[in-house]
Novice: 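This is the structure, below, for whatever I ask next.
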Amino acid sequence: GYDGSPASQRALAWAAGVSHALGAALKIVHAVRLLPSRQGYAVRPLSPPLETVAETLVGAPSMWAGKPLARSRVRAVHAFGGAAQELVDASMTADLVVLGTRGRGRARSALIGSVSAAVAAHAYCPVVVLHELGRLERGALHAVPVPGPGREVVCAVTSGSDHGHAARVER
């Protein structure tokens, strides 16, 4: 999930690193909500354009200092709808969904909703949510740690008593 925010930039860098490490394809989804305007409906532009963001991952070192991804394995998609629903829909065919969170806090998230919480609660595959850790400087995206040998994985499991819970814990 990408919206141009620093948190989504960090999530994209992490997802690109994982994609490269696994030799997997990367689908960048930018959910676009149509806004009413005088001429009908308009789309708020993303700067830089999503296609430019995707191109940086396949070999433009000025913005992406990580290892280039194969052009055939990077796809940029504009989805017309709410971000949470579009990412949940994309999770039906994905192995992993990665998105950032802006960390608005409980009160504000309760009022306007949290895309990351909604996706984590309803996705059909595992979800990784990365927080914004301050502004990323140009060229600093390679500093995002990527899973691999020597890195720890933490899994939290809650207790439950229903029969379906045991299967979910095992998975």
Novice: Taking Val77 as the starting point, is it possible to reach Val97 by hopping between hydrophobic residues whose side chains are less than 4.5 Å apart?
Specialist: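 No, Val97 and Val77 fall in different hydrophobic clusters.
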Novice: For the residue pair Gly100 and Ala11, what are the closest heavy atoms and their distance?
Specialist: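 The answer is N-CB, 3.6 Å.
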Novice: Are Leu99 and Val29 close enough that some pair of their side-chain heavy atoms sits under 4.5 Å apart?
Specialist: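 No - every pair of side-chain heavy atoms lies 4.5 Å or more apart.
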Novice: Would you confirm whether Ser8, through its side chain, and Asp3, through its main-chain N or O, come within 3.5 Å as a donor-acceptor pair?
Specialist: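 The answer is yes, because a donor-acceptor pair under 3.5 Å joins these two groups.
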Novice: How close do Gln9 and Gly4 get, counting heavy atoms only, and between which atoms?
Specialist: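 So the minimum-distance heavy-atom pair works out to NE2-O, 3.1 Å.
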Novice: Looking at Ser116 and Thr101, what are the two nearest heavy atoms and their distance?
Specialist: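 Where Ser116 meets Thr101 most closely, the heavy atoms are OG-OG1, 3.4 Å.
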Novice: What is the distance from atom CG of Leu50 to atom NE2 of His30, rounded to the nearest 0.5 Å?
Specialist: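 Going from the CG atom of Leu50 to the NE2 atom of His30 covers 7.0 Å.
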Novice: Specify the closest pair of heavy atoms between Ala90 and Lys27, including all atoms of both residues, with the distance to one decimal.
Specialist: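 Taking every non-hydrogen atom into account, CB-NZ, 4.5 Å.
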Novice: Residues two or more places apart in sequence or in another chain: which of them pass salt bridge (charged side-chain N to carboxylate O under 4.0 Å, His left out) with Arg71?
Specialist: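 If we apply the salt bridge (charged side-chain N to carboxylate O under 4.0 Å, His left out) test to Arg71, skipping adjacent residues, the hits are Glu55.
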Novice: Could you check whether any side-chain heavy atom of Ile28 comes within less than 4.5 Å of a side-chain heavy atom of Leu57, counting everything from C-beta outward?
Specialist: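 SC-SC contact between Ile28 and Leu57 confirmed.
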Novice: Looking at every heavy atom in both Val127 and Ala120, which two are closest together, and how far apart are they?
Specialist: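 Taking Val127 first and Ala120 second, the nearest heavy atoms are CG2-CA, 4.1 Å.
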Novice: Provide the full list of side-chain hydrogen bond (donor to acceptor under 3.5 Å, both in side chains) pairs with a residue in residues 88-100, sequence neighbours left out, each pair given once.
Specialist: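 Residue pairs with at least one partner in residues 88-100: Gln85-Asp89.
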Novice: Do the side chains of Leu26 and Leu12 get nearer than 4.5 Å, heavy atoms only?
Specialist: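 Side chain of Leu12 against side chain of Leu26, heavy atoms only: contact under 4.5 Å found.
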Novice: Determine whether a donor-acceptor pair (N or O, by modelled atom type, separation under 3.5 Å) exists between the side chain of Ser19 and the backbone of Ala15.
Specialist: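 Looks like no, no N/O pair under 3.5 Å.
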Novice: For His78 and Glu51: C-alpha separation, side-chain torsions, deciding distance, then whether side-chain hydrogen bond (donor to acceptor under 3.5 Å, both in side chains) applies.
Specialist: CA-CA 10 Å; His78 292 284; Glu51 293 71 20; 3.1 Å; yes
Novice: Minimum heavy-atom separation for Tyr124 and Val88, please, with both atom names.
Specialist: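 Result for this residue pair: CD1-O, 3.7 Å.
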